[in-house]
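Okay, so here's the structure we're looking at.
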Amino acid sequence: MTTTNTPPKTLWLGRWGFVLAATGSAVGLGNIWKFPYITGEFGGGAFVLVYLACILAVGVPIMMVEISFGRRGRGSPIDAIRRVVHESGRGSFWSIFGWMAMLCGFMILSFYVVVAGWSFSYLWKMLSGGLAGNSVDDMAAIFAANNANPFTLGAWSTLVTVLTMFIVGKGVQAGIEKSVSWMMPGMVIMLGILIGYGAFSGGFADAWSFLFSFNTEGLSSEGLLAALGHAFFTLSLASGAILTYGSYLPDGHSIARTTFSVAIADTVVALMAGLAIFPIIFANGMNPGEGPGLIFMSLPLAFQAMPFGTLFGILFFLMLSMAALTSSISMIEATVAWLTGSKGMTRKQASWGVGIVLWLVSTLAMLSFNIGADWSLAGRNLFGWLDYLTSRWMMPLGGLGMALMAGFLLRNEIFREELGLSRAQHMLWLFMVRYVSPLGIVLIFIDALGLATLQVGTQWPWLLALLVLVTVVGELASPRLRHQAS
């Protein structure tokens, strides 16, 4: 059997370099911004429990697949997947999932830098005293005014783009690994400080009960699907980031242990964010289910009422800005790796070249909030289309494709060698990646596209029967597929 495992020019200095970088990619605004408010919307502790189960059932198996593809193929998503499928005797068609992942990451970043710009702008407003207001409506007006000015909003998104390209342009070790080595610990320290304050704020007991009291009556079928979807998306799966970072992972480091380290760190940061935010919300008599406005409208108002509120507000938005930056770094790395590996460009040329294109596209997305708000197609502006196409089509399809390739189409020996699991562990991983993870992604896909209204609480026997049926059919079909691949 021919192996494709040719070391690239650059590797992480150690396993923790990968863990910190991948955790930085996974954490992002999804954990500190989105996780607290969807936990509030869907009932607290019961949602957290289901979310953790979904991380194990869907997120971890697929992340192991992506890291295996990356380390085996040693390249960008396009190059790595092409090399691995060729090793299994498959045609180049399957590298379409590499193209999809790389394009998906670029498209996400095209609107993500605008959202990340909100974090940086609010950090500046907190430093300069620009977040003065007496009600949530006042804070909503500040948020709307911030978006209505294309020059202000564009300047902040441009800053995020420049910082991202500067760090990526310095390289894997000197740029990405060195940056996340202080940004990630810095984020955790700031979260710890905020949690320490929350412990004496008067709302900590309520926050703890809210996050860790498993009252299943508060969890709807919609909440179950939200937990499943967030578990998949929070780990940056199918966007090229984890696969590309995996290509820099040295041989000899356990992919399974590394994956669990990232998943645990990602989950711990999400829970820490909840323990930092909810005590402030409860202590000020606010609703934890405020939705997306929880951080940009409710929290600034709470900071004003707190002793040393300005200081804690600065710490919070500094942490949010660093989380946004670590994610943006990861999402552009796949494109830069492809240009340097396949097109012969230097890293600086690739970084700043991609940065110019990113700036142009993100500027158009930014205009969706102001002068381009009426530029729409089928009811969506450019910002909305970028979000819709990536989150509802490209990421689910990409994750499903990688799971099915690893489970059915490619040689088992490749993943046995890369994962290094015991026989029992490998069989469990194979079952999860063949059947459980794909079924979870299909449920996300069906719900997100509105093809059916899923009542998971009452339809679980049918879902279990479907899993059994798919397992039987898959096991009957897999020998033929394996024979074709050999």
Side-chain angles (χ1 to χ4, degrees), residues 1-8 11-12 15 18-19 22 55-75 77 79-91 94-95 97-98 101 235 237-238 242-263 398-441 470-486:
M1 180 175 63
T2 303
T3 181
T4 62
N5 199 341
T6 303
L11 295 171
W12 302 114
R15 185 172 73 92
F18 172 84
V19 170
I55 285 281
L56 288 174
V58 178
V60 167
I62 295 180
M63 178 176 276
M64 291 169 71
V65 170
E66 289 207 34
I67 298 173
S68 297
F69 267 117
R71 190 165 73 176
R72 190 75 171 194
R74 294 296 189 193
D79 296 327
I81 291 177
R82 186 183 68 247
R83 289 166 186 158
V84 174
V85 297
H86 281 179
E87 184 180 351
S88 287
R90 294 289 179 176
W94 298 103
S95 62
F97 290 105
L235 294 175
L237 302 177
I242 297 300
L243 195 154
T244 306
Y245 279 1
S247 71
Y248 307 136
L249 185 66
D251 293 329
H253 293 287
S254 170
I255 288 178
R257 189 166 65 249
T258 301
T259 301
F260 276 100
S261 298
V262 173
L400 184 62
M402 289 190 191
L404 295 178
M405 277 195 293
F408 292 104
L409 295 173
L410 305 181
R411 289 193 177 101
N412 269 326
E413 290 80 3
I414 293 174
F415 295 95
R416 284 201 187 98
E417 292 172 9
E418 290 301 320
L419 296 175
L421 300 173
S422 68
R423 180 176 177 81
Q425 291 171 336
H426 187 82
M427 292 303 294
L428 175 60
W429 169 82
L430 192 60
F431 174 76
M432 300 298 287
V433 86
R434 279 183 176 179
Y435 307 114
V436 178
S437 297
L439 181 59
I441 296 172
V470 170
T471 302
V472 171
V473 172
E475 288 302 308
L476 291 174
S478 59
R480 173 177 291 185
L481 293 172
R482 294 291 177 197
H483 177 71
Q484 291 175 353
S486 62

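Not one N or O on the side chain of R90 forms a donor-acceptor pair closer than 3.5 Å with the backbone of V85. S437 contributes a side-chain N or O that, together with a main-chain N or O of A57, makes up a donor-acceptor pair within less than 3.5 Å. No donor-acceptor pair under 3.5 Å is formed between the side chain of S95 and the backbone N or O of G98. Distance alone, capped at 3.5 Å, is enough to place a donor-acceptor pair between the R74 side chain and the S247 backbone.
Counting heavy atoms from C-beta outward, V19 and Y245 have side chains that stay 4.5 Å or more apart. The shortest side-chain heavy-atom distance between R72 and R83 does not fall under the 4.5 Å cut-off. Taking 4.5 Å as the limit, every side-chain heavy atom of R411 sits out of range of all side-chain heavy atoms of R416. In this structure, the side chains of V65 and L243 stay at 4.5 Å or more apart for every pair of heavy atoms. Taking 4.5 Å as the limit, some side-chain heavy atom of P438 sits within range of a side-chain heavy atom of L404. Looking at heavy atoms from C-beta onward, I414 lies in side-chain contact with S88 at the 4.5 angstrom threshold. Contact check for I67 versus L419: no side-chain heavy atoms found under the 4.5 Å cut-off.
Look at R71 and E418 and you find a salt bridge, because one of the NZ, NE, NH1 or NH2 atoms lies within 4.0 Å of a carboxylate O, short of that distance.
Pairing each heavy atom of S254 with each of T258, the nearest pair is O-OG1, 2.6 Å. Summarising the geometry of A238 relative to G399, their closest heavy-atom pair is CB-N, 3.5 Å, with the distance given to 0.1 Å. Smallest separation of non-hydrogen atoms from G73 and V84: N-CG2, 3.9 Å. Between T259 and V60, the shortest heavy-atom contact is CG2-O, 3.7 Å.
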Hey, mind stepping through M405 and I81 against side-chain contact (heavy atoms from CB on, under 4.5 Å) and telling me if it holds?
CA-CA 10 Å; M405 277 195 293; I81 291 177; 4.2 Å; yes

Should I242 and L235 be marked as a side-chain contact (heavy atoms from CB on, under 4.5 Å) after you check the CA-CA gap, both sets of side-chain angles, and the distance that decides it?
CA-CA 8 Å; I242 297 300; L235 294 175; 5.9 Å; no

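With rounding to the nearest 0.5 angstrom, the OG1 atom of T244 is 9.0 Å from the CD atom of E66. From F260, atom CZ reaches atom CD1 of I255 across 13.0 Å, with rounding to the nearest 0.5 Å. Rounded to the nearest 0.5 Å, atoms CD1 (I441) and CE (M402) are 10.5 Å apart. Atom CD of E413 and atom CD of E87 lie 9.5 Å apart (nearest 0.5 Å). Summarising the geometry, atom OG belonging to S68 is positioned 11.0 Å from atom CD belonging to E417; distances are rounded to the nearest 0.5 Å.
Classification of the W94-F97 ring pair by plane angle, with boundaries at 30° and 60°, yields parallel.
The side chain to side chain donor-acceptor pair (under 3.5 Å) test applied to S261 returns R15, not counting sequence neighbours. W429 is linked by a ring-ring contact (aromatic ring centres under 6.0 Å, His included) to F415, H426, counting only residues two or more places apart in sequence or in another chain.
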